[in-house]
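Just the heavy atoms: all of them, side chains too, but no hydrogens, waters or symmetry mates, feed the values below.
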Amino acid sequence: MATRAGADTGSGTQRATGARGSHDLGCFGWELVGFAGFANEKDGRWVIRATETQVLVAIIGKDLLLAAELVNELWNAKLNAEFGLNKRVRNHIDRAVESGIPLVVLVGESELNSGILKLKNIESHQEEMIPREIFVEELQKRLNMV
């Protein structure tokens, strides 16, 4: 997985305990290191997610250049995004569910040929087709950024 520049990619367990190695030892014991998680309020309750990633760009295949291009557009729009390369859609969906990533952009060969990307809302399980040229704006709307 690729993450946005500056994003914390350390292991949550290791970082949460502060056990990253001897360089973290202070004169009075272990140095406290913040957890890499992210919390937001939803329906009056707090939900803790494993990552700040808002969008997973799921490339169905191995097109690294396309993945980098799409994620770069999202990063330029100040969206927290990462991508995955895998031939199985289920693996991408499982990654989003496990990490608490709310939106997945599915990009396969048919989507590339038609110029339409598939957007899946993980919580509602709804899928929509979005034109490639406006997908960033559509994601910003859905994430209440516009």
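- Annotation: side chain of L103 is not in contact with side chain of I122 (no heavy-atom distance under 4.5 Å).
- Between the H92 side chain and the L106 main chain, no donor and acceptor come within less than 3.5 Å of each other.
- For CD of E133, the number of neighbouring non-hydrogen atoms (other residues, nucleotides, ligands) closer than 6.0 Å is greater than 12.
- For the pair E82/I101, a side-chain contact is recorded, criterion being any heavy-atom separation below 4.5 Å from C-beta on.
- F135 and L117 make their closest contact through CG-CD1, 3.7 Å (heavy atoms, listed as atom of the first residue, atom of the second, distance).
- Put simply, the side chain of R132 does not reach to within 4.5 Å of the side chain of V107, judged on heavy atoms.
- At least one side-chain heavy atom of L65 sits less than 4.5 Å from a side-chain heavy atom of D63.
- Across all their heavy atoms, E111 and G108 have their closest contact at OE1-N, 2.8 Å.
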Determine, step by step, whether L79 and Q140 satisfy the side chain to side chain contact (heavy atoms under 4.5 Å, CB included) criterion, reporting the C-alpha distance in whole Å, the side-chain angles of both residues, the deciding distance to 0.1 Å, and the verdict.
CA-CA 8 Å; L79 291 169; Q140 286 176 317; 4.2 Å; yes
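- Nearest heavy atoms, P131 versus I116: CA-CD1, 3.9 Å.
- Annotation: the span from K118 atom NZ to E128 atom CD amounts to 12.0 Å, rounded to 0.5 Å.
- A side-chain donor-acceptor contact under 3.5 Å links N113 to the backbone of E109.
- The distance from atom CD1 of I59 to atom CG of L64, rounded to the nearest 0.5 Å, is 9.0 Å.
- Side-chain contact between V104 and V55 is absent, with no heavy-atom pair separated by less than 4.5 Å.
- Note: D94 CG to N86 CG = 10.0 Å, rounded to the nearest 0.5 Å.
- Between E137 and R142 the shortest side-chain heavy-atom distance does not fall below 4.5 Å.
- The backbone N or O of A96 sits nowhere less than 3.5 Å from a side-chain atom of S99 that would complete a donor-acceptor pair.
- With hydrogens and angles disregarded, no donor-acceptor distance shorter than 3.5 Å links the side chain of E73 to the backbone of L70.
- Between the side chain of Q54 and the main chain of N80, a donor-acceptor pair closer than 3.5 Å is present.
- Taking 4.5 Å as the limit, some side-chain heavy atom of I60 sits within range of a side-chain heavy atom of V89.
- Using a 4.5 Å cut-off on side-chain heavy atoms (C-beta onward), L66 and F83 make no contact.
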Could you walk me through whether V105 and L56 pass the side chain to side chain contact (heavy atoms under 4.5 Å, CB included) test, one step at a time?
CA-CA 6 Å; V105 176; L56 173 63; over 6 Å; no
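- Across every non-hydrogen atom of A81 and V71, the tightest pair is O-CG1, 4.1 Å.
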